[in-house]
Amino acid sequence: AIYLAPRSLDPFCPPLGGKPAAMPAVRREKTGRQNRSNPMSGGMIKANGDASGSGTPRGPANPLGLGGMSLPTNKKHGQHLLKNPGIIDKIVQASDIKPSDTVFEIGPGTGNLTMRLLEQAKRVVAHEIDPRMAAEVKKRAANAGRHNLEVQETDVLRGKWPIFDVCTANLPYQISSPFTFRLLAHRPMFRCAVLMFQKEFAERLIAKVGDKQYGRLAVNCALFVKVTGVCKVSRGSFTPPPEVDSMVVKMVPRDPPIEVDFREWDGLMRVCFGRKNKTLRSSFLTKDVMRTLEENYKTWCALTGAPQSTKPMKDLTLEALNALNLAETRAIKIDLDTFFRLLFEFNKRGIHFSNISPGAKVGDQPELDPTLFLDEGGEDDGDMED
């Protein structure tokens, strides 16, 4: 099971009428490489402390502080608490919340971002897997006289989602792909989502044609949303600090949405980006790809009653690639529109990239496949090769 309780938000501010409270020590485990999915243990999170993250008090007590309650971070849930109020400001600003909006927040933690959302939204629905954090954020909202908060103690990947206008989330990287899949498959579609990801994952989401990070993740997400970067977040913005930097991105759904057979599309993407720095000619003319396309072609002809071409599959494939002058082009240099045209060139020749089961109709629209949004960081990033 995948557990979710994203790094909670809990700035540090000095208590009223006293000296600034020192940030508690954070013990590091003497183990191997650690990251956001394996946070440092031993950190006791105090509600009162310095929100600037510098240890030097800046002005009066931070209104985001809590009433002295201490909560230890939970290693199992991958909790890292955001202590940088400037990042909260940027998330709220990018969310562009309207007074009539319902906001879906993932992992409210102790409620620093939540309290800002409650000020602007009609309703905030939060999913929090940690009962301690859930109790604290509910208490904090009640003490502030905010009654437009609903907290559900659940794993966001398993719980029932509400209908919402805006989504905000602060995610441990190990659930980034399945969360992105569920978010983009959610209906009715939202207006925007402002999300915190591991920096490397976010860079693959927002990558453009020609970027080193450009691959299946960026192209497949572009079918559904336009993704832009909001801000980078250093590891020092969290307590305990993770071993990686983060980035906030904003997703805005396409309107109108793009219509495509997702199985066909992803099959094409897997061939093109299997080794994205190879030419398409080299990627398509491997024995495994040729054998798969040949089998799919025969199945398609049998189901549709179309006569089989006398040309070998290699010639049909090169014919489709050469129709757009793409045989010697690398996938990393091809944009979304050109990929659509390439899929059309293959399909009109009866070449398909997904198996068509007996009884199915060609062109049937399947459900989304979760692997559309897998972060395949292992895609070929080496030197250019033919």
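Keep in mind that this is a model prediction, so the values were computed, not measured.
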Q.
Using ring-ring contact (aromatic ring centres under 6.0 Å, His included), reason through F353 and W265 one step at a time and then give a plain yes or no.
A. CA-CA 8 Å; F353 296 89; W265 174 265; over 10 Å; no
Classify the side-chain pair [X]/[Y] by whether it contains a donor and acceptor separated by less than 3.5 Å.
X    : Y    : value
S282 : T279 : yes
S354 : E264 : yes
R291 : N296 : no

Q. side-chain hydrogen bond (donor to acceptor under 3.5 Å, both in side chains) with E150: which residues, sequence neighbours excluded?
A. R123, Q152
Q: Determine, for K199 against E203, whether the closest basic-nitrogen to carboxylate-oxygen distance falls under 4.0 angstrom.
A: yes
(Q) When you compare the side chain of L113 with that of I91, does any pair of heavy atoms fall below 4.5 Å? (A) yes
Q: Determine, stepwise, if the pair N112 / R140 fulfils side-chain hydrogen bond (donor to acceptor under 3.5 Å, both in side chains).
A: CA-CA 10 Å; N112 295 327; R140 185 175 178 186; 2.7 Å; yes
Q) Where do E105 and T114 land on the side-chain hydrogen bond (donor to acceptor under 3.5 Å, both in side chains) test, with the steps shown first? A) CA-CA 8 Å; E105 184 186 8; T114 311; 2.7 Å; yes
Q. What do the steps show when you test R191 against D96 for salt bridge (charged side-chain N to carboxylate O under 4.0 Å, His left out), and what is the final call?
A. CA-CA 10 Å; R191 190 174 73 250; D96 191 22; 5.4 Å; no
Q: Would you please name every residue forming a ring pair (Phe, Tyr, Trp, His ring centres under 6.0 Å) with F164, sequence neighbours left out?
A: F104, H186, F190
**Q.** Residue list, ring pair (Phe, Tyr, Trp, His ring centres under 6.0 Å) with F344, at least two apart or on another chain
**A.** none
**Q.** Euclidean distance, S95 OG relative to L117 CG, rounded to 0.5 Å
**A.** 6.5 Å
Q: Measure from the ring center of F284 to the ring center of F346 and say whether it is less than 6.0 Å.
A: yes
Q: Would you please indicate if the ring centroids of F224 and F181 are separated by under 6.0 Å?
A: no
